[in-house]
Amino acid sequence: MMYGPIGHGFGLLAGVLGAIIWAIGMLILLAVMIALIVLLVRFLWVATKAAQRYLELNGSPAPKTRTVPPTTPTPAKPEPTTTTPAAATAPAATPTPAATKPVTKPRTPKPPTA
């Protein structure tokens, strides 16, 4: 009694047919897995190209400005010297310029590429 108390299983022909069906099923499963991997890689490739195209057209985001003041110590102010009252009340010769934003060039749209 090699395979159990009832008999010798399904026989040699059933074993061969079972092995063939198993091999066909594994080939189908392998094909499905390869197809999924190819689709995932294609999706990531297209998404990367789309992100690069977006950055070409719109530019990268502006860097965030620093909100914490620098930790370098400021130099001490020199002691004021005594001057004549007329020179002390005179206004400064050149006012400090106001901070202005640099002028940006208008972007020209790029033609679509195939």
Side-chain angles (χ1 to χ4, degrees):
M1 291 188 137
M2 188 180 268
Y3 295 106
I6 298 176
H8 293 284
F10 294 108
L12 181 64
L13 182 61
V16 171
L17 289 176
I20 291 172
I21 291 172
W22 176 84
I24 291 172
M26 286 296 113
L27 287 175
I28 291 172
L29 186 64
L30 181 66
V32 168
M33 293 298 289
I34 289 174
L36 286 176
I37 290 172
V38 167
L39 287 175
L40 176 65
V41 169
R42 183 180 179 272
F43 172 76
L44 292 175
W45 183 269
V46 169
T48 302
K49 289 291 184 183
Q52 288 174 350
R53 179 76 175 149
Y54 176 81
L55 289 177
E56 284 177 4
L57 294 177
N58 299 319
S60 60
K64 294 183 178 181
T65 57
R66 186 174 177 175
T67 57
V68 178
T71 58
T72 58
T74 57
K77 292 184 180 180
E79 293 291 327
T81 59
T82 56
T83 59
T84 61
T89 59
T94 57
T96 59
T100 58
K101 188 175 181 181
V103 178
T104 59
K105 296 180 196 175
R107 296 181 194 226
T108 57
K110 295 181 181 179
T113 58

* Is there a path of hydrophobic side-chain contacts, each under 4.5 Å between heavy atoms of I, L, V, M, F, W or Y residues, that connects M33 with V41? -> no

* Taking a hydrophobic cluster as the set of Ile, Leu, Val, Met, Phe, Trp and Tyr residues connected by side-chain heavy atoms closer than 4.5 Å, whether directly or through intermediates, do W22 and L29 fall within one such cluster? -> yes

* Asked: To the nearest 0.5 Å, what is the distance between CD1 (I24) and CD1 (I28)?
  -> 7.0 Å

* Asked: Looking at CD1 of I34 and CG of L39, how far apart are the two atoms once the value is rounded to the nearest 0.5 Å?
  -> 12.0 Å

* Which pairs with one or both residues in residues 32-53 pass salt bridge (Lys or Arg N to Asp or Glu O under 4.0 Å), sequence neighbours excluded? -> R53-E56

